[in-house]
Amino acid sequence: MKFNTKTIHGGQKPDAAYGSVMPPIYQTSTYAQSTPGGHKGYEYSRSANPTRTALENSFASIENGKFGLAFSSGLAAIDAVLKLLKPGDEVISTNDLYGGTYRLFTSIFEKFGINFKFIGMANAANIESYITNNTKLIWVETPTNPMMTIIDIKATATIANKHNILLAVDNTFATPYLQRPLDLGADIIMHSATKYLGGHSDLVMGALIVKDEALAKRLYFIQNASGAVCGPQDSFLALRGIKTLHVRMQRHCENGRAVAHYLANHPKIENVYWPGFENHPNHAIAKNQMNDFGGMVSFTTKGNNYKEAIKIVENLKVFTLAESLGGVESLAGHPASMTHASIPKEEREKTGVVDSLIRLSVGIEDEDDLIADLKQAIG
Ligand code: P1T
């Protein structure tokens with residue numbers, strides 16, 4: 001089955017009871033048993049729920065994995081991965097990543113004796129010198145949030161395999177429409193399904209996808225034991241969202257391209273971060289591992305003018321000033337004060353998250369309206 005068919009049919013079959021084409025929303029916490037342990041595969045909805053199972057099968061299918069797991073948020077999914085580790089273990093992570101992921105690593109897991117090294121991974125060979133006997137996990141976001149740095153998944157997987165270290169890739173920005181990290185050698189894919197997979201800004205959810213059965217069993221154990229699962233209603237919404245992922249992504253990419261080029265030619269704009277530009281430092285890797293360049297675009301104002309940046313985000317009318325990304329509607333964010341506020345200023349500025357940086361999640365509206373909105377807001 002090809003990708004555009006998998007988004008609709010992958011891991012799905014009509015419901016056994018009445019043949020309903022969409023899986024029913026099994027709004028139940030528990031299931032009748034004929035005798036203790038005598039059930040039909042479901043006993044309690046933290047452990048498993050049929051609507052969630054349908055979604056988890058879809059996750060596995062679209063990412064070319066074997067096992068999918070759905071969580072109550074993206075951070076809950078990351079939390080589950082980190083719980084594979086024990087005190088003394090080390091994690092090597094991209095230094096440019098979602099602020100909440102950084103906060104989870106440094107404010108929660110460091111307290112439990114897990115050590116983190118945040119490094120630039122634009123050159124994958126750089127990773128090897130940070131590996132010690134205690135390194136158990138490499139955490140990669142690509143494209144990174146919000147600087148759009150591209151990390152070579154295949155090269156990173158080769159290094160991780162050589163040292164017997166797990167490689168997890170946060171595939172939130174790219175989605176499997178653009179890149180499939182398991183095919184490139186990663187062990188775990190993570191998603192904030194809140195974003196493109198859900199696609200309509202109406203739910204908060206996380207996903208993990210793996211190929212290896214032993215690893216899947218360990219993650220299922222954590223999912224059930226820690227309990228950060230999503231409900232059946234949200235599972236249904238995410239499944240519905242995934243069915244249009246490919247058509248939405250196609251338009252996100254087209255509009256993202258138009259917006260990136262418009263900004264690049266604007267005299268009041270300094271830098272535009274979008275991996276489709278030939279002069280993007282990792283353009284060659286992006287071209288190699290992605291099918292297109294996505295709908296996320298970040299930029300700074302001329303002279304890193306903070307006041308100008310705030311004026312722009314306040315002036316936008318079609319773009320909504322809001323956290324999050326990946327929905328059908330266009331959003332604008334100010335990472336330094338919003339999504340990345342939990343990263344200390346000197347840390348975030350090292351990776352380019354300066355005070356004038358604006359991040360756009362380019363939606364699927366008409367391209368002309370988006371460009372006109374930017375034009376009036378930037379002036
Ligand atoms: O918000 P949640 O579903 O818990 O997902 C966290 C998360 C993980 N990884 C990436 C790359 C993300 O972008 C996010 C969430 N990000 C935002 C809310 C944001 O506006 O960037």
Side-chain angles (χ1 to χ4, degrees), residues 55 59 63 69-82 91 93-109 118 121 139-151 153 168-176 178-179 181 186 188-209 223 226 228-231 234-235 237-238 241 252 273 275 294-298 313 319-327 329-343 348 351 353 357-363:
L55 173 65
F59 284 157
E63 284 285 13
L69 299 96
F71 292 84
S72 56
S73 70
L75 285 177
I78 302 172
D79 180 87
V81 175
L82 269 288
V91 179
S93 165
T94 28
N95 59 357
D96 171 26
L97 77 173
Y98 171 56
T101 308
Y102 178 88
R103 183 178 55 199
L104 177 65
F105 288 173
T106 55
S107 301
I108 306 284
F109 282 102
F118 296 95
M121 294 187 186
W139 187 269
V140 164
E141 252 185 51
T142 182
T144 59
N145 179 0
M147 295 310 297
M148 310 300 294
T149 302
I150 303 296
I151 289 139
I153 298 173
V169 175
D170 182 335
N171 207 25
T172 300
F173 269 36
T175 84
L178 295 178
Q179 80 192 3
I188 303 173
I189 294 176
M190 175 265 153
H191 277 275
S192 169
T194 315
K195 311 298 175 344
Y196 288 105
L197 298 191
H200 297 76
S201 306
D202 52 9
L203 56 86
V204 174
M205 186 185 284
L208 296 179
I209 301 106
Q223 183 194 37
S226 282
V229 294
C230 56
D234 282 353
S235 300
L237 283 174
H252 282 297
Y273 303 97
M296 298 300 297
V297 182
S298 298
V313 292
F319 284 83
T320 303
L321 175 60
E323 307 253 351
S324 205
L325 59 111
E329 64 288 298
S330 291
L331 301 180
H334 180 247
S337 65
M338 296 166 70
T339 46
H340 292 70
S342 52
I343 304 179
R348 65 173 163 76
T351 61
V353 186
L357 187 80
I358 295 173
R359 189 193 71 184
L360 300 179
S361 170
V362 183

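Atoms within a ligand are numbered from 1 in the order they appear, just like the ligands themselves. Below, all heavy atoms of this structure are taken into account, side chains as well, without hydrogens, waters or symmetry copies. Position 1 is the first residue of the sequence; numbering continues from there.
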Item checked: Non-hydrogen side-chain atoms of V353 and P146 separated by less than 4.5 Å -> yes
Checklist line | Within-shell test, M205 vs ligand 1, heavy atom, strictly < 4.0 Å | finding: yes
Item checked: Min heavy-atom dist R359 to ligand 1 below 4.0 Å -> yes
Next item on the list: Please say whether S324 places an N or O atom under 3.5 Å from an N or O atom belonging to ligand 1.
Entry: yes
Notebook entry, point to check: Which atoms from ligand 1 have a heavy atom of L325 less than 4.0 Å away?
Noted result: 13 (O), 19 (C), 21 (O)
Notebook entry, point to check: Which residue and non-hydrogen atom of the protein lie closest to atom 7 (C) of ligand 1, and at what distance in Å?
Noted result: Y98 CD2, 3.3 Å
Note to self: Using side-chain heavy atoms (C-beta onward) and a distance below 4.5 Å, is M148 in contact with I150?
What the structure shows: no
Next item on the list: Measure from the side-chain N and O atoms of S330 to the backbone N and O of G363, and report whether any donor-acceptor pair falls under 3.5 Å.
Entry: yes
Note to self: Testing the basics here: between S298 and R359, what is the closest heavy-atom pair and its distance to 0.1 Å?
What the structure shows: OG-CG, 3.5 Å
Margin query: Does any N or O of ligand 1 fall below 3.5 Å from an N or O anywhere on L75, backbone included?
Written below: yes
Item checked: For atom 1 (O) of ligand 1, the protein heavy atom that lies nearest, with its residue and separation -> K195 NZ, 3.6 Å
Note to self: Return the closest protein heavy atom for atom 19 (C) of ligand 1 as residue, atom name and distance.
What the structure shows: T339 CG2, 3.3 Å
Check: If every non-hydrogen atom of P176 is compared with every non-hydrogen atom of N171, which pair is closest and at what distance?
Finding: N-ND2, 3.7 Å
Next item on the list: Mark yes or no for whether T194, through its side chain, and M205, through its backbone, hold a donor-acceptor pair below 3.5 Å.
Entry: yes
Notebook entry, point to check: So among T351, T106, I343, which one has a side chain to side chain contact (heavy atoms under 4.5 Å, CB included) with F118?
Noted result: T106
Notebook entry, point to check: What atoms in ligand 1 come closer than 4.0 Å to a heavy atom of E141?
Noted result: 11 (C)
Checklist line | For atom 13 (O) of ligand 1, closest protein heavy-atom neighbour | finding: N145 ND2, 3.0 Å
Margin query: I need the nearest protein heavy-atom contact for atom 5 (O) of ligand 1: residue, atom name and distance, please.
Written below: S192 OG, 3.0 Å
Margin query: Between ligand 1 and G74, is the shortest N or O to N or O distance under 3.5 Å?
Written below: yes
Next item on the list: Could you tell me if any non-hydrogen atom of G206 lies under 4.0 Å from any atom of ligand 1?
Entry: no
Notebook entry, point to check: Roughly how far, to the nearest 0.5 Å, is CG of N145 from CG of D96?
Noted result: 7.5 Å
Next item on the list: Run the numbers for me: atoms of ligand 1, each under 4.0 Å from some heavy atom of D170, listed by number.
Entry: 8 (C), 9 (N), 10 (C), 11 (C)
Check: Step by step, would you call E329 with S201 a side-chain hydrogen bond (donor to acceptor under 3.5 Å, both in side chains)?
Finding: CA-CA 8 Å; E329 64 288 298; S201 306; 2.6 Å; yes
Check: Which residue holds the protein heavy atom closest to atom 3 (O) of ligand 1, what is that atom called, and what is the gap in Å?
Finding: T194 OG1, 2.6 Å
Checklist line | CE-CE distance between M147 and M296, expressed to the nearest 0.5 angstrom | finding: 12.0 Å
